[in-house]
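The figures that follow rest on heavy atoms only: side chains count, while hydrogens, waters and symmetry mates do not. The chains referred to below are lettered A, B, ... by the order of the sequence lines, with proteins before strands, and numbering in each begins at 1.
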There are 2 protein chains.
Amino acid sequence: MIVSADRPSVTPPLPPLTAPVEDYLKAIYELESRQGSATTSDVAEALAVAPASVTGMVRRLAAQGYLDHVPYRGAQLTDAGRRAALRTIRRHRILESYLSGILGYPWDRVHDEAEQLEHAASDELIERMAAALGFPTVDPHGAPIPTADGTVEERAHRSLADWPTGEPALMARVSDKDAALLRYLADIGLQPGTEVTVLHRAPFDGPLTLRIGTADVMVGPRVASQVLVAAPTPLRPPDAC
Amino acid sequence: MIVSADRPSVTPPLPPLTAPVEDYLKAIYELESRQGSATTSDVAEALAVAPASVTGMVRRLAAQGYLDHVPYRGAQLTDAGRRAALRTIRRHRILESYLSGILGYPWDRVHDEAEQLEHAASDELIERMAAALGFPTVDPHGAPIPTADGTVEERAHRSLADWPTGEPALMARVSDKDAALLRYLADIGLQPGTEVTVLHRAPFDGPLTLRIGTADVMVGPRVASQVLVAAPTPLRPPDAC
DNA sequence: CGGCGTGTTTAGGCTCGCCTAACTTAGGGT
DNA sequence: ACCCTAAGTTAGGCGAGCCTAAACACGCCG
């Protein structure tokens, strides 16, 4: 009798995402926004997984509507995929902010912890943490925190390596993934919000001399290229009020 | 040549426990300490899993030295198993305390959240939370928090259902698993540390009249049997100092 | 002492994520 | 225009955890 009372094509209850799936979507999102597209091997490298595994997962995610996949031609997140990715990124960054701001974690150790917790924490927990922090808009590394409804304001920062000599800048952002670099930056007193000036640039891609506060320090070009900066006190454009 | 350079019998690197394994050990520990032993079907029910699955997992855990298993006769935790279980229980109870004490969770919702987080949180996170709480010894439901080196002080409390009429008692503990009961207890103002007196006990297993603070409330015998109490102000025995 | 029911275990199978090895495809170089 | 390589995909397999169905052991009761 009852033949097709409810067929599965109208999005069945939609199971909660597993941790690996969240990781794939997050990685693909980040690769897409960093380099426009995400290749199978990029994703494989980012997740420390064999390329064949990525192919398999991408097929699944495409079947579930999280991305569009043309074999041999790459994949692109759909709206649903992007929303899912941003949700995970929001959780990650709020967790990082909480660990650093409330629990006193050093900023080089928040990433790994958040990576685990982002898959386990409930929405309620995340929102309580956000509230305890006063709803921050950037995480401890300067990365913007997506809103709960899935939007991010990505600012286009310039690398300290390109910033003109002599002009003061505000340290704005650095990747959260390289713990050793973060320890080094903490050591020389460079964190988001710190004012920094390039005093001198040695030729042939040599070290830069920076003024941070009252101290002068020399850093290699690899470090400088990782540090993103902005113009100081970007005074609010006088529009509202 | 190199024949048995390192054989696997001397505890190989010992992989970190998976979430299901932690759940099994915790459940077995709790059943053992509540009723002396844990049967296959008890565990199956506690974990909402088929009995056959328990048999399989128990075999694995026995092979890894976490418990001794005599087929058809039941299983018993080894020292290693007990230590692992207590580690998970410690994490669970610290998480519950933190969620309730610092993040303002109502006590009926901390259990589920802690259940997820206990498998994801690092030791460092747990210890930072414990420190933020001032190293509590009991969780919000009155359950003792095992120490990091794997010992618990289980106090033998009496049920409020058995407590003599007219003698004041201190509410000491209640299970964290029944959210509806917890909401009800919060509602009538009964939480660990609250003073409570049984004013009257209706015959034939009828409701009890309690005095809590200045209010009198009637509770069913099922509720009373779940609430564990202790003698008030158990003044420290005058030994040290 | 034998049968029987409850509870446990075995047998066989499934999904999810991952792997390696073998293949196909796209697209640049000659 | 063709070939060759690098990248991507398919094929086949594995372990962890779970399931159902069928076989089996224990111990109680007649």
Side-chain angles (χ1 to χ4, degrees), chain A residues 8 12-28 31-32 35-76 81 84 88 115-116 118-120, chain B residues 8 12-28 31-32 35-76 81 84 88 115-116 118-120:
Chain A
L14 232 289
L17 300 182
T18 63
V21 166
E22 290 183 339
D23 284 337
Y24 273 90
L25 292 174
K26 189 170 61 146
I28 293 170
L31 288 166
E32 261 187 20
Q35 43 187 257
S37 75
T39 71
T40 298
S41 30
D42 283 344
V43 177
E45 168 159 18
L47 298 178
V49 132
S53 306
V54 175
T55 301
M57 181 61 90
V58 160
R59 249 172 23 84
R60 274 182 48 204
L61 296 179
Q64 288 172 32
Y66 291 113
L67 38 79
D68 297 320
H69 183 217
V70 185
Y72 293 103
R73 283 301 183 68
Q76 270 216 300
T88 305
E115 202 83 56
Q116 299 304 325
E118 69 193 11
H119 307 301
Chain B
L14 232 289
L17 301 182
T18 63
V21 165
E22 289 183 340
D23 285 337
Y24 273 91
L25 292 174
K26 190 172 59 147
I28 293 169
L31 288 166
E32 261 186 21
Q35 45 186 251
S37 75
T39 71
T40 298
S41 28
D42 284 344
V43 178
E45 168 158 17
L47 298 179
V49 132
S53 306
V54 176
T55 302
M57 180 62 90
V58 159
R59 248 171 24 81
R60 273 181 50 202
L61 295 179
Q64 289 172 31
Y66 291 112
L67 39 81
D68 297 320
H69 183 220
V70 185
Y72 292 100
R73 284 304 183 69
Q76 272 218 297
T88 305
E115 202 82 51
Q116 299 303 121
E118 70 193 10
H119 308 300

Contact under 4.0 Å: A:His69 side-chain N or O vs D:dG8 OP1/OP2: no

Length of the line joining A:Arg60:CZ and C:dT15:P, which is rounded to integer Å: 12 Å

Protein-nucleotide distance (B:Asp23, atom CG; D:dC18, atom P), rounded to Å: 9 Å

Nucleotide C:dG17, atom C1' - distance to CG of A:Leu25 in whole Å: 15 Å

Proximal nucleotide (of D:dA7, D:dC18, C:dT8) relative to the B:Ser53 side chain: D:dC18

Atom pair distance, as rounded to whole Å: CG in A:Leu47 and C1' in C:dG17: 12 Å

OP1 or OP2 of D:dG17 under 4.0 Å from side-chain N/O of B:Thr18: yes

Whole angstrom value for the distance that separates C1' of D:dG17 from CD of B:Gln64: 13 Å

Earlier contact from the 5' end, DNA chain C, for B:Ala52 and A:Ala50: B:Ala52

Candidate nucleotides C:dC19, C:dA11, C:dC16, ranked by approach to the side chain of A:Val49 - the nearest: C:dC19

Options C:dT20, D:dT9, C:dC18, nucleotide nearest the side-chain atoms of A:Thr40: D:dT9

CA sep, side-chain torsions, deciding dist, call: B:Leu47, B:Val54, side-chain contact (heavy atoms from CB on, under 4.5 Å): CA-CA 9 Å; B:Leu47 298 179; B:Val54 176; 5.8 Å; no

Stepwise side-chain contact (heavy atoms from CB on, under 4.5 Å) test for A:Val21 and A:Gln64: CA-CA 11 Å; A:Val21 166; A:Gln64 288 172 32; 5.8 Å; no

OP1 or OP2 of C:dC18 under 4.0 Å from side-chain N/O of A:Tyr24: yes

Spacing of OG1 belonging to B:Thr40 relative to CD1 belonging to B:Ile28, to within rounding of 0.5 Å: 9.0 Å

A:Ser41, nearest nucleotide to its side chain (from C:dC18, D:dA7, C:dT10): D:dA7

CE on B:Met57 to NE2 on B:His69, rounded to 0.5 Å: 13.5 Å

Euclidean distance, atom CD of residue A:Glu22 to atom P of C:dC16 [Å, nearest integer]: 16 Å

Between P of D:dT9 and CG of A:Leu61, the distance in whole Å: 13 Å

Full working for side-chain contact (heavy atoms from CB on, under 4.5 Å) between A:Leu17 and A:His119: CA-CA 9 Å; A:Leu17 300 182; A:His119 307 301; over 6 Å; no

B:Arg73 vs D:dG27: side-chain N/O to OP1/OP2 distance below 4.0 Å: yes

Listed nucleotide nearest any side-chain atom of A:Tyr72, set C:dT9, D:dC18, D:dT9: D:dT9

Between P of C:dG17 and CG of A:Leu17, the distance in whole Å: 10 Å

